[in-house]
Novice: 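Handing you this structure, nothing more for now.
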Amino acid sequence: MVVEAFDGVSSTVSVGFDIDVVNTVPVAGPAINTIVTDGDVIFIDTSAVIVDADGDTLTFTSTALPTWLTLDAGTGILSGVAPSDASTF
C-alpha cells in the first residue's frame, strides 16, 4: 500500500506500507472427562474449553459420535440421552 501527501504547491511525497493480517488459531483447554451411565442426560459445553483468542466465531464439528449424542455446530454443545444399555457398548 502507498500513501501520498501533496503540499498544494510543488511537492508530493509517498511512503509504502506492508500490512500483515494475523489470525490466532483456536486453543483447546484441558480435556473434558465425563462418566456416563445408562440413561444419563448429557449436556457438555465444549466452548468452555475451546476458545478463539481473536474472538472469531467458531464452528464446531466432530466425528465418530454415538448416534444418541449430537454436537451443535454453532454453540459447541454436546447433548443427548445415553441409551439404557449404554454400558454394554
Side-chain angles (χ1 to χ4, degrees):
M1 168 190 332
V2 175
V3 175
E4 295 181 340
F6 176 62
D7 68 3
V9 178
S10 62
S11 298
T12 299
V13 65
S14 62
V15 63
F17 288 87
D18 287 329
I19 298 176
D20 296 322
V21 178
V22 178
N23 181 45
T24 305
V25 299
V27 176
I32 300 171
N33 294 313
T34 302
I35 296 173
V36 177
T37 58
D38 297 348
D40 278 355
V41 174
I42 310 302
F43 185 90
I44 301 171
D45 186 358
T46 64
S47 71
V49 295
I50 303 172
V51 294
D52 188 85
D54 306 287
D56 296 331
T57 300
L58 298 176
T59 300
F60 297 87
T61 60
S62 182
T63 58
L65 288 176
T67 56
W68 52 267
L69 191 60
T70 60
L71 175 65
D72 185 297
T75 64
I77 293 175
L78 281 167
S79 62
V81 178
S84 60
D85 62 348
S87 60
T88 62
F89 291 103

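In this chain, numbering begins with 1 at the start of the sequence shown. These figures come from a predicted structure and were not determined experimentally.
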Novice: Under 4.5 Å side-chain heavy-atom separation, chaining through any Ile, Leu, Val, Met, Phe, Trp or Tyr, what else clusters with Phe6? Say none if it is isolated.
Specialist: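 Traced through the cluster, Phe6 reaches no other member.
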
Novice: Rounded to the nearest 0.5 Å, what separates atom OG1 in Thr34 from atom CD1 in Ile44?
Specialist: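 Here the rounded value is 3.5 Å.
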
Novice: For Val25 and Asp52, which heavy atoms make the closest approach, and how far apart are they?
Specialist: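 For Val25 and Asp52, the tightest heavy-atom pair comes out as C-OD1, 4.1 Å.
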
Novice: Is any side-chain heavy atom of Leu78 closer than 4.5 Å to a side-chain heavy atom of Leu65?
Specialist: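 In short, these two side chains touch, coming nearer than 4.5 Å.
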
Novice: Would you name the heavy atoms of Val36 and Ala82 that are closest together and state the gap between them?
Specialist: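 So the minimum-distance heavy-atom pair works out to CG1-CB, 3.6 Å.
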
Novice: Let me check something: do Ile32 and Leu69 share a hydrophobic cluster, defined by ILVMFWY side-chain heavy atoms less than 4.5 Å apart, either directly or through other members?
Specialist: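 Ile32 and Leu69: one cluster.
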
Novice: For Asp38 and Asp85, work out which heavy atoms get closest and say how close.
Specialist: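 The pair with the smallest heavy-atom distance is OD1-C, 3.8 Å.
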
Novice: Taking Asp54 for the side chain and Thr24 for the main chain, is one N or O donor matched with an acceptor at less than 3.5 Å?
Specialist: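 Between the backbone of Thr24 and the side chain of Asp54 there is a qualifying donor-acceptor contact (under 3.5 Å).
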
Novice: Roughly how far, to the nearest 0.5 Å, is CD1 of Ile42 from OG1 of Thr70?
Specialist: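 Interatomic distance, Thr70 OG1 to Ile42 CD1, rounded to 0.5 Å: 11.0 Å.
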
Novice: Could you give the distance from CG (Leu58) to CD1 (Ile50), rounded to the nearest 0.5 Å?
Specialist: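 The distance works out to 8.0 Å.
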
Novice: Look only at the side chain of Asp72 and the backbone of Gly74, and say whether a donor-acceptor pair between them is shorter than 3.5 Å.
Specialist: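 Present.
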
Novice: If you measure from CH2 on Trp68 to CG on Asp40, what distance do you get to the nearest 0.5 Å?
Specialist: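 Rounded to the nearest 0.5 Å, the CH2-CG separation comes out at 8.5 Å.
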
